[in-house]
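Take a look at the structure below.
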Amino acid sequence: MAAELTAHELIARHRPTLDQALEAIRTRAYWSPHPEHPKAYGENGSLDMAAGKAAFDALHGTRIDLGQPGTDGWVEGETSPYGIETGVSYPHADLDELLPAMKAGMRAWRDAGAETRAVVCLEILKRISDRTMEFAQAVMHTSGQAFMMAFQAGGPHAQDRGMEAVAYAYVEQIRTPDTAEWTKPQGKRDPLALTKQFVPVPRGVALVIGCNTFPTWNGYPGLFASLATGNAVLVKPHPRAVLPLALTVQVARQVLTEAGFDANLVALAAERPGEGIAKTLAARPEIRVIDYTGSTEFGDWLESNARQAQVYTEKAGVNTVIVESTDDYKGMLANLAFSLSLYSGQMCTTPQNLLIPRDGITTDQGPKSFDEVAADLAKAVDGLLGDDARANALLGAIVNPDVKARLEAAAGLGEVALASREITHPEFPGAVVRTPVIVKLDGAKPDAEAAYMSECFGPVSFAVAVDSAGDAAELLRRTIREKGAMTVGAYTTSPEVEETVREVCLEEAAQLSLNLTGGVYVNQTAAFSDFHGSGGNPAANSALCDGAFVANRFRVVEVRREA
């Protein structure tokens, strides 16, 4: 079948956007082609909120039939954290049939070149963007995020991260020219002359292992980095968060077909309950690239055992904030309260440990003791979440029973500065909504160390008393080195303390935010400008997104002949 979308048409349509993305990653200035306000999605064929909800509702009880080869059955079983059954089913694949079919289209995709691959990827992202409101509902009802966060993080911010990966992939592939004329003088003899061709070649089939909490935001960077560098991509969603990635695969397959490429360059691998196909897939020789977000245990297993593949992981860490002094006490408390509350602390970037000198801190409101800081932070969280409607909009729902169990157990680990409370969601009475708990610990006690040196994923934070700012910096260093950290924050008016913390973060490769008191929070990062993770500490072996994240998804093969 002839292509409905020619490369020329796609380049004309998307090259200006690609150029803007390239400029953004060069300057690190703010830029996004994807609006982050819902009102922007009612025009130009995009779905508005009501239409997006209707499109999502229309999926209930249906099959997402992707037309994939090797479909040997159907899988369902997702239940929304908000307590509703969607009843959507997905194709289950015979891998022995699907994987060879995925490899079959790679030659034409490789030969298309970096620019064509990039603009096809941007067309996929544009189609997804046009359905942002539908995707927001899918993310909300699989992750438990509140609607506004599901819309922003699962929609425009995820799309930004996907586009960022495409831009980096394009840069790395064109770093080497397509051809070169090589001449070496030989004195009185005729020079040696060669014509050289340099071809970026993909590694093979890439595997994206999705996560429950941010299926699109964490899934798109690896998906688009691998696809843009010529690899076929098999998407293995988390069993509780299949729908957003199944819709993504559906869109990708449609665009690939219209552009004249094999739809099987992107496919879905949904799993039956308890099947655990991630390990099986990760060990298959066809799988040459793996992207994974999830637990440290399985991430470590992948890094050690998937030897045939290039593995990119984002695992768990223990994020720390040092509170030494501030010239905006009220702003600091408000900023921290929001950071601890957003999505019920179910973000890999949410602070867990707040290291506070036991003798207290200096502030613009006078000295504050350790107990006062903990109590005032508890009041700030309570004030932020005191109104149930606002609390539901910030917290969303607890994503799984393990998070709820950790939250309930945390109160027994020390003195509770802020108790968690249950909130009823008026629209979704089946949702499990809980406010954060803040527990005070003495950093010098061994039993306390067992608590704060372990990741307690969810709305749990520890106010840890330390002897001094210097002790806080050393505990920070040890935490990053042993457990890893996706984020580090610090509040200080002391240039010496700031430099000490900065040096720890540089030496241990952790991303640092200093003295945030306004509308930017330690657990948020902006595509095209901020790096998510560093790849330099145990929390992640890669960063979203840098050159290293894309460059090893392909290799350059040289063909040379005499001129």
Side-chain angles (χ1 to χ4, degrees), residues 1-22 33-34 41 43-47 55 64-69 101-132 134-135 155-156 158-171 173-174 178 199-200 202 205-206 208 216 219-221 223-235 245-268 550 553-554:
M1 185 179 71
E4 299 174 29
L5 295 170
T6 66
H8 178 76
E9 289 171 332
L10 289 171
I11 290 169
R13 185 181 301 176
H14 295 297
R15 183 71 215 204
T17 302
L18 177 60
D19 288 338
Q20 286 181 288
L22 295 173
H34 304 111
Y41 290 84
E43 302 173 358
N44 303 320
S46 300
L47 293 176
I64 306 292
D65 190 348
L66 301 171
Q68 294 181 174
M102 295 186 70
K103 294 180 70 175
M106 287 182 59
R107 178 175 178 177
W109 186 236
R110 177 201 70 199
D111 292 346
E115 185 178 41
T116 295
R117 288 193 294 272
V119 295
V120 170
C121 287
L122 295 191
E123 178 67 18
I124 296 169
L125 285 164
K126 174 64 171 66
R127 303 271 185 100
I128 292 170
S129 178
D130 287 345
R131 295 168 61 181
T132 289
E134 179 185 358
F135 273 74
Q159 295 153 22
D160 282 352
R161 283 295 183 189
M163 186 175 290
E164 177 187 49
V166 172
Y168 270 100
Y170 179 75
V171 166
Q173 289 174 100
I174 66 168
D178 292 338
V199 183
V205 178
V208 174
T216 55
Y220 283 5
L223 192 166
F224 285 100
S226 287
L227 192 60
T229 50
N231 302 279
V233 183
L234 181 59
V235 178
L245 292 178
L247 294 176
T248 301
V249 170
Q250 185 181 58
V251 172
R253 290 174 65 87
Q254 291 168 347
V255 171
L256 286 164
T257 299
E258 291 176 27
F261 297 102
D262 192 332
N264 296 320
L265 287 166
V266 179
L268 185 77
V550 299
R553 294 170 191 265
F554 70 96

Please report the shortest heavy-atom distance between [X] and [Y], naming the atom on each side.
X	Y	answer
Pro200	Phe554	CB-CD1, 3.8 Å
Val550	Ala225	CG1-CB, 3.7 Å
Pro33	Asp160	CD-OD1, 3.6 Å
Pro16	Ala12	CD-O, 3.8 Å
Leu22	Ala167	CD2-O, 3.6 Å
Met106	Val205	SD-N, 4.5 Å

For the [atom1] atom of [X] and the [atom2] atom of [Y], what is their distance to the nearest 0.5 Å?
X	Y	atom1	atom2	result
Asn264	Thr257	CG	OG1	8.5 Å
Leu18	Leu10	CG	CG	12.0 Å
Leu245	Ile64	CG	CD1	12.0 Å
His34	Arg161	NE2	CZ	13.5 Å
Thr116	His14	OG1	NE2	12.0 Å
Phe135	Leu247	CZ	CG	4.5 Å

Is the shortest side-chain heavy-atom distance between [X] and [Y] below 4.5 Å?
X	Y	result
Leu227	Trp109	yes
Thr216	Ile128	no
Val120	Val255	yes
Pro221	Tyr168	no

[X] side-chain N/O to [Y] backbone N/O, donor-acceptor pair under 3.5 Å:
X	Y	result
Asn231	Arg553	yes
Ser226	Leu223	no
Arg253	Ala267	no
Gln68	Leu268	yes
Gln173	Ala228	yes
Gln159	Gly155	yes
Arg110	Pro202	no
Asp65	Gly67	yes

| field | Asp19, CG atom: more than 12 neighbouring heavy atoms under 6.0 Å | value |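 Yes, CG of Asp19 has more than 12 neighbouring heavy atoms, counting only those of other groups under 6.0 Å.
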| Would one find more than 12 heavy atoms of other residues, nucleotides or ligands at under 6.0 Å from atom CZ of Arg107? | no
| message | I'd like to know whether Val119 forms a side-chain contact (heavy atoms from CB on, under 4.5 Å) with Arg13, so could you lay out the CA-CA distance, the side-chain angles of the two residues, the decisive distance to 0.1 Å, and finally the verdict. | response | CA-CA 8 Å; Val119 295; Arg13 185 181 301 176; over 6 Å; no
| Test side-chain contact (heavy atoms from CB on, under 4.5 Å) applied to Phe224 and Met163, step by step | CA-CA 8 Å; Phe224 285 100; Met163 186 175 290; over 6 Å; no
| request: From the options Glu258, Gln250, Gln254, select the one residue that forms a side-chain hydrogen bond (donor to acceptor under 3.5 Å, both in side chains) with Arg127. | output: Glu258
| query | Could you walk me through whether Thr248 and Val235 pass the side-chain contact (heavy atoms from CB on, under 4.5 Å) check? | reply | CA-CA 9 Å; Thr248 301; Val235 178; over 6 Å; no
